[in-house]
Amino acid sequence: MHVIAIVNLKGGSGKTTVATHLAARFARLGHRPLLVDLDRQKSSADWVERRQEGLPRIDSIVLDTDDLELPRSHPFVIIDVPAGMKKRALETVVLAADAILVPVLPGVFDEAASARFLAAVEEFKGVRKGRRPVAVVGNRVKRGTAAERRLDTFLDGVRFPAVAKLSDSQFYLSAAEQGVTVFDLPVGRVRKALEEWKPLLSWIDEGVGG
Ligand SMILES: Nc1ncnc2c1ncn2[C@@H]1O[C@H](COP(=O)(O)OP(=O)(O)OP(=O)(O)O)[C@@H](O)[C@H]1O
Ligand SMILES: [Mg+2]
(Lines give C-alpha, C1' and ligand atoms only; values in the text may rest on other atoms or scores of the structure.)
(Ligands and ions follow the chains in the order given, each with its own letter.)
Protein backbone atom coordinates (compact mmCIF):
# COMPACT_ATOMS: atom_id res chain seq x y z
CA MET A 1 0.00 0.00 0.00
CA HIS A 2 1.28 3.46 -0.94
CA VAL A 3 0.04 6.37 1.14
CA ILE A 4 0.36 10.04 0.21
CA ALA A 5 -0.78 12.73 2.65
CA ILE A 6 -1.55 16.32 1.62
CA VAL A 7 -1.06 18.58 4.60
CA ASN A 8 -0.78 22.18 5.76
CA LEU A 9 -2.15 23.73 8.91
CA LYS A 10 -3.05 26.79 6.85
CA GLY A 11 -6.54 26.71 5.41
CA GLY A 12 -7.32 27.10 1.72
CA SER A 13 -3.82 26.33 0.45
CA GLY A 14 -4.99 23.68 -2.02
CA LYS A 15 -4.87 20.44 -0.03
CA THR A 16 -8.18 19.15 -1.37
CA THR A 17 -7.30 20.29 -4.89
CA VAL A 18 -3.97 18.41 -4.83
CA ALA A 19 -5.54 15.36 -3.14
CA THR A 20 -8.37 15.06 -5.66
CA HIS A 21 -5.96 15.55 -8.55
CA LEU A 22 -3.59 12.83 -7.36
CA ALA A 23 -6.52 10.46 -6.82
CA ALA A 24 -7.80 11.15 -10.34
CA ARG A 25 -4.34 10.62 -11.78
CA PHE A 26 -3.96 7.21 -10.08
CA ALA A 27 -7.48 6.36 -11.25
CA ARG A 28 -6.53 7.33 -14.81
CA LEU A 29 -3.61 4.88 -14.56
CA GLY A 30 -6.12 2.15 -13.62
CA HIS A 31 -5.19 1.87 -9.94
CA ARG A 32 -8.61 2.59 -8.38
CA PRO A 33 -7.28 4.73 -5.53
CA LEU A 34 -8.83 5.44 -2.15
CA LEU A 35 -9.26 9.11 -1.24
CA VAL A 36 -9.36 9.42 2.54
CA ASP A 37 -11.09 12.57 3.76
CA LEU A 38 -10.14 13.56 7.31
CA ASP A 39 -11.96 16.87 7.04
CA ARG A 40 -15.33 17.27 8.75
CA GLN A 41 -16.26 19.53 5.84
CA LYS A 42 -16.04 16.40 3.64
CA SER A 43 -14.83 18.45 0.67
CA SER A 44 -13.07 15.63 -1.13
CA ALA A 45 -15.75 13.04 -0.30
CA ASP A 46 -18.38 15.41 -1.73
CA TRP A 47 -16.19 15.98 -4.76
CA VAL A 48 -16.08 12.22 -5.41
CA GLU A 49 -19.90 12.19 -5.21
CA ARG A 50 -20.02 14.84 -7.93
CA ARG A 51 -17.92 12.77 -10.33
CA GLN A 52 -19.88 11.67 -13.33
CA GLU A 53 -20.38 8.09 -14.43
CA GLY A 54 -17.76 7.06 -16.92
CA LEU A 55 -14.84 8.85 -15.29
CA PRO A 56 -12.11 6.64 -13.81
CA ARG A 57 -13.41 5.41 -10.47
CA ILE A 58 -12.13 6.82 -7.16
CA ASP A 59 -13.26 5.28 -3.87
CA SER A 60 -13.66 7.58 -0.94
CA ILE A 61 -14.00 7.30 2.80
CA VAL A 62 -14.38 9.87 5.59
CA LEU A 63 -12.32 9.06 8.68
CA ASP A 64 -11.92 10.72 12.05
CA THR A 65 -8.51 12.21 12.76
CA ASP A 66 -8.60 10.66 16.24
CA ASP A 67 -9.07 7.19 14.83
CA LEU A 68 -6.89 6.89 11.77
CA GLU A 69 -7.27 3.23 10.90
CA LEU A 70 -6.44 3.12 7.19
CA PRO A 71 -8.17 0.30 5.32
CA ARG A 72 -5.73 -2.02 3.58
CA SER A 73 -8.07 -2.54 0.64
CA HIS A 74 -6.40 -0.20 -1.88
CA PRO A 75 -2.84 -0.09 -3.22
CA PHE A 76 -2.89 3.72 -3.51
CA VAL A 77 -4.27 5.86 -0.71
CA ILE A 78 -4.40 9.67 -0.74
CA ILE A 79 -5.19 11.47 2.50
CA ASP A 80 -6.81 14.90 2.41
CA VAL A 81 -5.99 16.53 5.74
CA PRO A 82 -8.00 19.41 7.21
CA ALA A 83 -6.52 22.78 8.14
CA GLY A 84 -5.71 23.46 11.76
CA MET A 85 -5.28 19.83 12.76
CA LYS A 86 -3.81 19.13 16.21
CA LYS A 87 -0.10 18.39 16.20
CA ARG A 88 -0.42 14.86 17.56
CA ALA A 89 -3.08 13.87 15.00
CA LEU A 90 -0.97 15.42 12.28
CA GLU A 91 2.06 13.42 13.35
CA THR A 92 -0.03 10.24 13.19
CA VAL A 93 -0.99 11.07 9.60
CA VAL A 94 2.60 11.86 8.66
CA LEU A 95 3.78 8.57 10.18
CA ALA A 96 1.12 6.69 8.20
CA ALA A 97 2.28 8.25 4.91
CA ASP A 98 5.03 7.24 2.48
CA ALA A 99 5.15 10.73 1.00
CA ILE A 100 3.91 14.11 2.16
CA LEU A 101 2.92 17.08 0.01
CA VAL A 102 2.50 20.58 1.40
CA PRO A 103 0.68 23.10 -0.82
CA VAL A 104 1.58 26.72 -0.12
CA LEU A 105 -0.12 29.86 -1.40
CA PRO A 106 1.84 33.00 -2.28
CA GLY A 107 1.60 35.82 0.21
CA VAL A 108 3.37 36.89 3.33
CA PHE A 109 0.86 35.39 5.78
CA ASP A 110 0.59 32.05 4.02
CA GLU A 111 4.34 31.77 3.59
CA ALA A 112 5.04 32.61 7.23
CA ALA A 113 2.43 30.13 8.48
CA SER A 114 3.73 27.46 6.09
CA ALA A 115 7.32 28.08 7.21
CA ARG A 116 6.27 27.43 10.82
CA PHE A 117 4.32 24.37 9.75
CA LEU A 118 7.26 22.96 7.76
CA ALA A 119 9.58 23.53 10.71
CA ALA A 120 7.18 21.46 12.87
CA VAL A 121 6.98 18.70 10.23
CA GLU A 122 10.77 18.59 10.09
CA GLU A 123 10.80 17.63 13.76
CA PHE A 124 8.45 14.68 13.31
CA LYS A 125 10.00 11.29 13.86
CA GLY A 126 10.43 9.62 10.50
CA VAL A 127 10.79 12.93 8.69
CA ARG A 128 13.78 13.86 10.84
CA LYS A 129 15.38 10.51 10.14
CA GLY A 130 14.89 11.09 6.42
CA ARG A 131 12.55 8.16 5.93
CA ARG A 132 9.58 10.17 4.70
CA PRO A 133 9.94 12.39 1.68
CA VAL A 134 8.26 15.77 2.01
CA ALA A 135 7.77 18.22 -0.85
CA VAL A 136 6.20 21.64 -1.23
CA VAL A 137 3.80 22.71 -4.00
CA GLY A 138 3.35 26.41 -4.82
CA ASN A 139 -0.31 26.93 -5.62
CA ARG A 140 -2.48 29.69 -7.14
CA VAL A 141 0.58 31.31 -8.64
CA LYS A 142 -0.01 34.42 -10.72
CA ARG A 143 2.74 34.19 -13.29
CA GLY A 144 5.17 37.05 -13.74
CA THR A 145 4.02 38.93 -10.64
CA ALA A 146 5.95 40.18 -7.63
CA ALA A 147 3.99 37.61 -5.63
CA GLU A 148 5.49 34.82 -7.72
CA ARG A 149 9.00 36.18 -7.20
CA ARG A 150 8.39 36.35 -3.45
CA LEU A 151 7.11 32.78 -3.47
CA ASP A 152 10.20 31.65 -5.41
CA THR A 153 12.44 33.19 -2.76
CA PHE A 154 10.40 31.48 -0.07
CA LEU A 155 10.57 28.11 -1.85
CA ASP A 156 14.35 28.48 -2.33
CA GLY A 157 14.75 28.87 1.42
CA VAL A 158 12.68 25.82 2.34
CA ARG A 159 14.53 22.67 3.37
CA PHE A 160 12.19 20.43 1.35
CA PRO A 161 12.09 20.38 -2.46
CA ALA A 162 9.50 22.47 -4.29
CA VAL A 163 8.17 19.98 -6.83
CA ALA A 164 5.61 22.10 -8.68
CA LYS A 165 4.11 25.53 -9.12
CA LEU A 166 0.45 25.47 -10.10
CA SER A 167 -1.00 28.58 -11.70
CA ASP A 168 -4.01 30.38 -10.35
CA SER A 169 -6.75 29.39 -12.77
CA GLN A 170 -10.54 29.45 -12.96
CA PHE A 171 -10.22 25.88 -14.15
CA TYR A 172 -9.60 24.62 -10.60
CA LEU A 173 -12.74 26.32 -9.29
CA SER A 174 -14.98 24.72 -11.90
CA ALA A 175 -13.14 21.39 -11.61
CA ALA A 176 -13.95 21.38 -7.89
CA GLU A 177 -17.62 22.01 -8.69
CA GLN A 178 -17.82 19.35 -11.35
CA GLY A 179 -15.88 16.52 -9.74
CA VAL A 180 -13.14 16.54 -12.36
CA THR A 181 -9.41 17.28 -12.58
CA VAL A 182 -6.93 18.12 -15.31
CA PHE A 183 -6.41 14.35 -15.61
CA ASP A 184 -10.02 13.78 -16.65
CA LEU A 185 -10.23 16.23 -19.55
CA PRO A 186 -8.99 16.10 -23.15
CA VAL A 187 -5.27 16.89 -23.17
CA GLY A 188 -5.78 19.71 -25.68
CA ARG A 189 -7.91 21.64 -23.20
CA VAL A 190 -5.52 21.39 -20.26
CA ARG A 191 -2.08 21.07 -21.84
CA LYS A 192 -0.51 23.95 -19.90
CA ALA A 193 -1.89 22.79 -16.55
CA LEU A 194 -0.75 19.22 -17.22
CA GLU A 195 2.81 20.47 -17.81
CA GLU A 196 2.74 22.10 -14.37
CA TRP A 197 1.78 18.82 -12.71
CA LYS A 198 4.51 16.77 -14.40
CA PRO A 199 7.40 17.35 -11.95
CA LEU A 200 5.10 16.65 -8.99
CA LEU A 201 3.95 13.37 -10.58
CA SER A 202 7.57 12.35 -11.27
CA TRP A 203 8.43 13.03 -7.64
CA ILE A 204 5.49 10.90 -6.49
CA ASP A 205 6.31 8.08 -8.90
CA GLU A 206 9.96 8.01 -7.81
CA GLY A 207 8.91 8.00 -4.15
CA VAL A 208 5.98 5.61 -4.08
CA GLY A 209 5.78 4.02 -7.53
CA GLY A 210 3.19 4.90 -10.15
N1 LIG B 1 -4.51 26.72 -8.60
C2 LIG B 1 -5.72 27.20 -8.27
N3 LIG B 1 -6.31 28.18 -9.01
C4 LIG B 1 -7.53 28.67 -8.67
N5 LIG B 1 -8.25 28.24 -7.65
C6 LIG B 1 -7.72 27.28 -6.86
C7 LIG B 1 -6.44 26.70 -7.13
N8 LIG B 1 -6.19 25.76 -6.17
C9 LIG B 1 -7.25 25.75 -5.36
N10 LIG B 1 -8.17 26.65 -5.76
C11 LIG B 1 -9.45 26.97 -5.13
O12 LIG B 1 -9.17 27.53 -3.85
C13 LIG B 1 -10.11 27.09 -2.88
C14 LIG B 1 -9.32 26.38 -1.75
O15 LIG B 1 -8.68 25.23 -2.30
P16 LIG B 1 -8.77 23.84 -1.54
O17 LIG B 1 -10.15 23.57 -1.08
O18 LIG B 1 -8.11 22.83 -2.40
O19 LIG B 1 -7.84 24.18 -0.28
P20 LIG B 1 -7.72 23.39 1.10
O21 LIG B 1 -6.31 23.57 1.55
O22 LIG B 1 -8.22 22.00 0.94
O23 LIG B 1 -8.72 24.20 2.03
P24 LIG B 1 -9.18 23.78 3.51
O25 LIG B 1 -8.04 24.17 4.41
O26 LIG B 1 -10.41 24.61 3.75
O27 LIG B 1 -9.42 22.31 3.51
C28 LIG B 1 -11.07 26.16 -3.62
O29 LIG B 1 -12.19 26.91 -4.00
C30 LIG B 1 -10.28 25.73 -4.84
O31 LIG B 1 -11.12 25.39 -5.94
MG1 LIG C 1 -9.61 20.89 2.05
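Start at 1 and go down the list; that is how both ligands and their atoms are numbered. When reading the values below, keep in mind they use all heavy atoms of this one structure, side chains included, and skip hydrogens, waters and symmetry mates.
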Salt-bridged, [X] to [Y], with N to O below 4.0 Å?
X    : Y    : result
D80  : K42  : no
R132 : D98  : no
D184 : R51  : yes
K198 : E195 : yes
R116 : E111 : no

- Message: Please give me the minimum heavy-atom distance between F171 and T181, naming the atom from each residue.
- Response: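 Closest approach of F171 to T181, heavy atoms only: CZ-C, 3.7 Å.
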- Pairs satisfying salt bridge (charged side-chain N to carboxylate O under 4.0 Å, His left out), at least one member in residues 161-170, at least two apart: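 Found R140-D168, K142-D168, E148-K165, D152-K165.
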- Query: Considering residues at least two apart in sequence or located in another chain, which fulfil the ring pair (Phe, Tyr, Trp, His ring centres under 6.0 Å) criterion with W197?
  - Reply: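 With sequence neighbours excluded, W197 shows a ring pair (Phe, Tyr, Trp, His ring centres under 6.0 Å) to H21, F183, given in chain and number order.
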- Item | For the Mg ion (ligand 2): protein N/O/S atoms at distances below 2.8 Å |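 My tally for this metal is 1.
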- D37 and S60: side chain donor to acceptor below 3.5 Å: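 Absent: no donor and acceptor within the cut-off.
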- Name the residues with a heavy atom less than 4.0 Å from ligand 1?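 Residues within 4.0 Å of ligand 1: G11, G12, S13, G14, K15, T16, T17, D39, A83, N139, R140, S167, D168, S169, Y172, L173, A176.
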